[in-house]
Amino acid sequence: MQEITVPPNGRPSRSTIRFGLCCLFAAQPIKFRQTTAQALAPLPREQQLERLSAICQHNLQQVSQAMRYLVEQGIGAFRLMSPLFPRHSQPQVGYALADLPEIEAIYHQCQAIRHFQGQHDLRLSLHPDQFNVLASPHPQVVANTLRELECQGELAELLGVEVINIHVGGAYGDKQAAMGRLQTNFPRLSTRVRSRLTLENDDVSYTPADVLPLCRQLGIPFVYDVHHHRCLPDGLSCERATEEWLALWQALGREPYGHLSSPKHGWASAKPRPHADYIDPADFPDPWRGQAITVDLEAKAKELAVRRLMTELMPQSAF
DNA sequence: GCATGTCAAGTTGTG
DNA sequence: CACAACTTGACATGC
């Protein structure tokens, strides 16, 4: 294992802003593996588990490499791929971790990751995908969501992941009713999931003005995606939303988590939603300057985008 | 090798 | 009404 040297390039080791990378790498040779239920289905159970076990080990090894790189670069947060353990909760080919043939090695890898994360103050998060809808009126959808979130919670505990972030989901023509269903379903989650769960504003239905009160009622933090807020504005200014966002996390004694990205086709385009390769420093919200927060950067150029924004913003005294 | 269609799952808006 | 977009490609198949 390489010796970690922080800071690189003579820059200060920590700004008050902690920047985060999402899931993947553009240039670094760090790749995650996957498999599909269809590919597994024809195999005997034993072979399915062998294959899954190998993929899990590969992915954990890649996480270790990713974390070492991030620490070297002064990048303080990392969003893990949600299918790190592929098909974990899938009804037909899903599995309990204890069933994997190499489970001892896997636990050992997890422990090493958790230890490294703690040693280097690297903040880990998970962002289970769009199929997880606690506000759905369909019991089956909610049941699938609960099952998947519990798998994510198990993973989070093993790896030292602090945040499991999801969206509220669909509106079904009545946002208040949908948010009520989410509140009803929330207590059905285990403590290990509830203690990590956060809700994020999206760009089609739920704005910060919707999600902030919901989070307050549930006693969980709000992840502020400022790009979504710009795509789907509400009565709240960025300043106001930022104040409430920070207050919520501070009340819980935790460091605020936000998301930032730039529009691929510019703000004037008809569709500002798709993410650009890099972050335009002008898109960094003024009210966020100087705050002790974590900002995940959603940019196609991945680690290159994080490094570029950090170099562009660091020299300024505001950081 | 390389190109291409497919992958568990939900919901919404667009063409 | 089919399909892309969403945090994001990688896998599996066929040539």
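Order of the sequence lines fixes the chain letters, A, B, ..., with proteins taken first and strands second; residue numbering starts at 1 for each chain.
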Novice: Ignoring backbone atoms, establish whether A/Ser205 has a side-chain N or O less than 4.0 Å from OP1 or OP2 of B/dG13.
Specialist: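 So the side chain of A/Ser205 is outside the cut-off, no N or O lying under 4.0 Å from OP1 or OP2 of B/dG13.
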Novice: Does A/Ser89 reach a base, just sugar-phosphate, or nothing at all? Heavy atoms under 4.0 Å.
Specialist: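 The answer is base, as A/Ser89 lies within the cut-off (heavy atoms under 4.0 Å) of a base atom.
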Novice: Taking atom P in both B/dT12 and C/dT7, compute the distance separating them and give it to the nearest angstrom.
Specialist: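 That atom pair is separated by 15 Å.
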Novice: Charged N to carboxylate O under 4.0 angstrom, A/Arg196 versus A/Glu162?
Specialist: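 A/Glu162 and A/Arg196: not salt-bridged.
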Novice: Among B/dT11, B/dC7, B/dA9, which nucleotide has an atom closest to any side-chain atom of A/Thr36?
Specialist: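 The listed nucleotide nearest to A/Thr36's side chain is B/dC7.
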Novice: So, does A/His228 get its side chain near the phosphate of C/dC6, meaning an N or O under 4.0 Å from OP1 or OP2?
Specialist: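 Result: no.
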Novice: Take A/Ile30 and A/Pro128, find for each the nucleotide of DNA chain C with the closest heavy atom, and name the residue whose nucleotide sits nearer the 5' end.
Specialist: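 Per heavy-atom nearest nucleotide, the more 5' residue is A/Pro128.
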Novice: Do you know the tightest heavy-atom contact between A/Arg18 and A/Gly76?
Specialist: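 Between these two residues, the closest heavy atoms are NH1-O, 3.1 Å.
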Novice: Could you give the distance separating B/dA9 and C/dA4 at their P atoms, to the nearest angstrom?
Specialist: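 To the nearest whole Å, 15 Å.
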Novice: Quick one: on DNA chain C, does A/Leu24 or A/Thr35 contact a more 5' nucleotide (nearest heavy atom)?
Specialist: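 Its nearest nucleotide lies further toward 5', so the answer is A/Leu24.
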Novice: B/dC7, C/dA10, C/dT8: which one has an atom nearest the side-chain heavy atoms of A/Lys302?
Specialist: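 Within the option list, the nearest is C/dT8.
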Novice: Can you see if the side chain of A/Arg51 gets near the phosphate of C/dA12 - specifically, an N or O under 4.0 Å from OP1 or OP2?
Specialist: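 So the side chain of A/Arg51 is within the cut-off, an N or O lying under 4.0 Å from OP1 or OP2 of C/dA12.
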Novice: If you measure from the ring centre of A/Phe131 to the centre of the six-membered ring in the base of B/dA9, is it under 5.5 Å, with the planes under 30° apart?
Specialist: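 Base of B/dA9: stacked against A/Phe131.
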Novice: Can you identify which nucleotide, out of B/dA9, C/dT7, B/dT12, has its nearest atom closest to the A/Cys23 side chain?
Specialist: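 The answer is C/dT7, which lies nearest to the side chain.
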Novice: Compare side-chain N and O positions of A/His138 against OP1 and OP2 of B/dT11 and report whether any pair is under 4.0 Å apart.
Specialist: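 Yes, within the criterion.
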Novice: Should the ring pair A/Trp245 and A/Trp288 be called parallel, tilted or perpendicular, given that the plane angle runs from 0 to 90° and is split at 30 and 60?
Specialist: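 It falls in the tilted class, 30° to 60°.
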Novice: Would you mind telling me which residue lines up with the more 5' stretch of DNA chain B, A/Arg147 or A/Ser136, judged by nearest nucleotide?
Specialist: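 Nearest nucleotide further toward 5': that of A/Arg147.
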Novice: Can you check the A/Leu232 CG to B/dT11 P distance for me, whole Å?
Specialist: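 These atoms are roughly 18 Å apart.
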Novice: C1' atom, C/dC3 versus B/dC7: distance in rounded Å?
Specialist: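 It works out to 16 Å between them.
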Novice: What closest approach, in Å, do A/Leu248 and A/Ile220 show between heavy atoms, and which atom pair accounts for it?
Specialist: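 Closest heavy-atom pair between A/Leu248 and A/Ile220: CD2-O, 3.7 Å.
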Novice: Going by purine N1 to pyrimidine N3 plus the second Watson-Crick contact, or the G-U wobble pair, all under 3.5 Å, which nucleotide sits opposite C/dT7?
Specialist: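 The answer is none; no pair meets the criterion.
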Novice: In whole angstrom, what separates A/Leu21's CG from C/dT8's C1'?
Specialist: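 Nearest whole value for this atom pair: 11 Å.
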Novice: Strictly by side-chain hydrogen bond (donor to acceptor under 3.5 Å, both in side chains), give each pair with a member in residues 170-179 of chain A just once, sequence neighbours left out.
Specialist: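 Matches after skipping sequence neighbours: A/Lys175-A/Asp210.
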Novice: If I pick the P atom on B/dA8 and the same atom on C/dA12, what distance separates them, to the nearest angstrom?
Specialist: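 10 Å, rounded to whole Å.
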Novice: Could you tell me how far apart A/Arg79 (CZ) and C/dC6 (P) are, to the nearest whole angstrom?
Specialist: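 In whole Å, C/dC6 P and A/Arg79 CZ are 13 Å from each other.
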Novice: Under 4.0 angstrom, heavy atoms only, what part of the nucleic acid is A/Arg33 near: base, sugar-phosphate, or nothing?
Specialist: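 Sugar-phosphate contact only.
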Novice: For C/dT8, does either OP1 or OP2 sit under 4.0 Å from a side-chain N or O belonging to A/His275?
Specialist: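 So the side chain of A/His275 is within the cut-off, an N or O lying under 4.0 Å from OP1 or OP2 of C/dT8.
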Novice: Relative to each other, are the rings of A/Tyr257 and A/His259 parallel, tilted or perpendicular (30° and 60° limits)?
Specialist: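 Correct class here is perpendicular.
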Novice: What does A/Gln38 touch in the nucleic acid at a heavy-atom separation under 4.0 angstrom: a base, only the sugar-phosphate, or nothing?
Specialist: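 If one applies the 4.0 Å heavy-atom cut-off, A/Gln38 turns out to touch the sugar-phosphate alone, with no base involved.
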Novice: In whole Å, what is the span from the CG atom of A/Asp225 to the C1' atom of C/dT7?
Specialist: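 It is 9 Å, rounded to the nearest whole Å.
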Novice: In whole Å, I'd like the distance from the CG atom of A/Leu84 to the P atom of C/dG9.
Specialist: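 Nearest whole value for this atom pair: 17 Å.
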Novice: Given that both distances must come in under 3.5 Å, which nucleotide forms a Watson-Crick or G-U wobble pair with B/dA8?
Specialist: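 In the structure as shown, B/dA8 has no Watson-Crick or wobble partner.
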Novice: Using a heavy-atom cut-off of under 4.0 Å over every strand shown, decide if A/Asp129 touches base, sugar-phosphate, or nothing.
Specialist: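 Counting heavy atoms under 4.0 Å across all strands, the contact made by A/Asp129 includes a base.
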Novice: Does A/His167 make a side-chain N or O approach to OP1 or OP2 of C/dT7 shorter than 4.0 Å?
Specialist: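 For C/dT7, OP1/OP2 do have a side-chain N/O of A/His167 under 4.0 Å.
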Novice: Does A/Lys300 have a side-chain nitrogen or oxygen under 4.0 Å from the phosphate oxygens OP1 or OP2 of C/dT8?
Specialist: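 Checking C/dT8 against A/Lys300, a side-chain N or O does come within under 4.0 Å of OP1 or OP2.
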Novice: In whole angstroms, how far is the P atom of C/dT7 from the NE2 atom of A/His259?
Specialist: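 Interatomic distance, NE2 of A/His259 to P of C/dT7: 9 Å.
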Novice: Among B/dA8, C/dT7, B/dG13, which nucleotide has an atom closest to any side-chain atom of A/Val204?
Specialist: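 Within the option list, the nearest is B/dG13.
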Novice: Base, sugar-phosphate, or nothing: which does A/Gln34 touch, judged by heavy atoms less than 4.0 Å apart?
Specialist: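 Answer is sugar-phosphate: A/Gln34 comes under 4.0 Å of backbone atoms only.
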Novice: Using the ring of each side chain (for Trp, its six-membered ring), is A/His88 parallel, tilted or perpendicular to A/Phe85, with breaks at 30° and 60°?
Specialist: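 Plane angle between 30° and 60°, so tilted.
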Novice: Please state whether the rings of A/Phe25 and A/Tyr69 are parallel, tilted or perpendicular, taking 30° and 60° as the class boundaries.
Specialist: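 Judged by the thresholds at 30° and 60°, the geometry between A/Phe25 and A/Tyr69 is perpendicular.
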Novice: For A/Ile166 and B/dT11, give me the distance from atom CD1 to atom C1', rounded to whole Å.
Specialist: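 Answer to the nearest Å: 14 Å.
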Novice: Rounded to whole Å, how long is the line connecting atom CG of A/Leu134 with atom C1' of B/dG10?
Specialist: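 These atoms are roughly 13 Å apart.
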